[in-house]
Engineer: 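The structure follows.
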2 protein chains.
Amino acid sequence: MPTPRLPQTAWAVLGLLSFPGERTGYELKKWADSSLRFFYGAPAFSQIYAELRRLEDLGYVTSRRSGPEEPRAKRAYTITEEGRAALATWAAGTHDPGAVSLKHPVLLRVWLGHLAEPERLRELVAEHVTRAEDELRDVRDALAKADGVEAWAHPQIALRWSERRLVAEVELARGMLADLAALGPGQPVEDSPTHG
Amino acid sequence: MPTPRLPQTAWAVLGLLSFPGERTGYELKKWADSSLRFFYGAPAFSQIYAELRRLEDLGYVTSRRSGPEEPRAKRAYTITEEGRAALATWAAGTHDPGAVSLKHPVLLRVWLGHLAEPERLRELVAEHVTRAEDELRDVRDALAKADGVEAWAHPQIALRWSERRLVAEVELARGMLADLAALGPGQPVEDSPTHG
DNA sequence: GCACACATGTAAGCCGTTACATGATTCG
DNA sequence: CGAATCATGTAACGGCTTACATGTGTGC
């Protein structure tokens, strides 16, 4: 059977399981929130559970209900040989990986800046800077935790990329703030253009 | 009637119409491909047409079939006063604009680098650099076309942001390439971990 | 005459989110 | 004992893409 076409998110979830150890869906979500999230977004709980079921149907993962020894009824997943092989095939795939998708609501608003109060616009961008700095702290925390673990060499590279990316995001926003300021402090809001 | 909740894409399409002039769905798509695309992605034709219908139902745009004077049966849209007001309300909205969504397939693969040939991985990133440079050329073309048009001050700022962002994207990818190289040229692919 | 750009749509379907429901365990 | 965290799901829905269908006008 050839490797089936799956959404990237499915490979991402399988990828989370490609690192040593078994994990529950819940743990996978936490993990995604502190790694995947920075460069690919983190799927919702419900989707992770759904993907896990699909991956199990495909034979790419197996699950084990916690026995009587463990408290709580949880289900831990492990990648199978087939899963690892399929993932490797996908990763080596000669097809192009698909376009980067960027949806930046702040830019959307700046782009339509002629409709907003200049002051409000600057506020929006400034808030964005704050959020980016928060994320930067998160990514640095994640990086600190991954530090020194040899098995995580590649995740570390991805995190370092994310760190630099967030630094750039902050710089970019600051540059935009300067551009906005350069429009002139008294840049008026475009009024209803009825009869000029 | 309060401003209804609409997907950002709807506001984006309405936003395209907030600049002077009437436009067909087809033209809107072309426009989106050379502006919106760089920071928000460009919706498919079919979605643009769908949004236009929705906006017309809401009374935010009006449409005009080309009369007998014009060739081709096309439909040109114009924003209404209500549309402009709703868009301004949305733009000024005090609610947070929503999270930046970034989905980076190349990073996903780097993150799972332990499954791939190092050589293949570097190739992937190098291709990404090329694509980013192509996009950079596109954004610079768009910038050149927008140059000097006063009505496009804000779109220009968005494009300048996009330009810098793509420059950063290239730098980021180059940095990652260096990180990958630093792993050592002979970094082996993880083999099936059956019996250690 | 044929290909290509213009121009508009329909239909199907997956992806992914939000909201909701449920219950166990731990900690103060 | 109540709140928070752990843990797993279902249901509904919306967004968006892909593939398909159709027809006109332009240029080689």
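Every value quoted in this text rests on a predicted model; they were computed, and no experiment measured them. Convention: sequence-line order gives letters A, B, ...; per-chain numbering from 1.
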Engineer: What donor-acceptor contacts under 3.5 angstrom involve side-chain atoms of residues 165-177 of chain B, with partners at least two apart or in another chain?
Structural biologist:
unit_1, atom_1, unit_2, atom_2, d
Arg165(B), NH2, Glu169(B), OE1, 2.9
Glu169(B), OE2, His104(B), NE2, 2.7
Glu169(B), OE2, His128(B), NE2, 2.7
Arg174(B), NH2, Glu133(B), OE2, 3.1

Engineer: In chain order, what residues pass the side chain to side chain donor-acceptor pair (under 3.5 Å) check against Arg140(A), with sequence neighbours excluded?
Structural biologist: Glu163(A)
Engineer: Under a 4.0 Å heavy-atom cut-off, which of residues 30-37 of chain A touch DNA chain D?
Structural biologist: none
Engineer: For Glu150(B), give me all partners under side chain to side chain donor-acceptor pair (under 3.5 Å), at least two apart in sequence or on another chain.
Structural biologist: none
Engineer: Would you please name every residue forming a ring pair (Phe, Tyr, Trp, His ring centres under 6.0 Å) with Tyr49(B), sequence neighbours left out?
Structural biologist: none
Engineer: Run the salt bridge (charged side-chain N to carboxylate O under 4.0 Å, His left out) test against Glu123(A) and tell me which residues pass, sequence neighbours left out.
Structural biologist: Arg120(A)
Engineer: Can you list everything that forms a salt bridge (charged side-chain N to carboxylate O under 4.0 Å, His left out) with Lys103(A)? Sequence neighbours excluded, please.
Structural biologist: none
Engineer: Among Lys74(B), Lys30(B), Lys29(B), find the one that has a side-chain contact (heavy atoms from CB on, under 4.5 Å) with Thr24(B).
Structural biologist: Lys74(B)
Engineer: Tell me the interatomic distance from Ile48(A), atom CD1, to dT18(C), atom P, rounded to whole angstroms.
Structural biologist: 13 Å
Engineer: Under the side-chain hydrogen bond (donor to acceptor under 3.5 Å, both in side chains) rule, what pairs show up with a residue in residues 5-17 of chain B, not counting sequence neighbours?
Structural biologist: Arg109(A)-Gln8(B)
Engineer: Can you pull the salt bridge (Lys or Arg N to Asp or Glu O under 4.0 Å) pairs that have at least one residue in residues 7-24 of chain B, sequence neighbours excluded?
Structural biologist: Glu22(B)-Arg64(B)
Engineer: Once salt bridge (Lys or Arg N to Asp or Glu O under 4.0 Å) is applied, what residue pairs with a partner in residues 39-52 of chain B remain, sequence neighbours excluded?
Structural biologist: Glu51(B)-Arg54(B)
Engineer: Using the C1' atoms of the five pairs at each end, what is the angle between the end axes of the helix from dG1(C)-dC28(D) to dG28(C)-dC1(D), to 10°?
Structural biologist: 30°
Engineer: Which letters describe nucleotides 7-17 of chain C, given B = protein heavy atom under 4.0 Å from base, S = only from sugar-phosphate, - = neither?
Structural biologist: BBBB----SSB
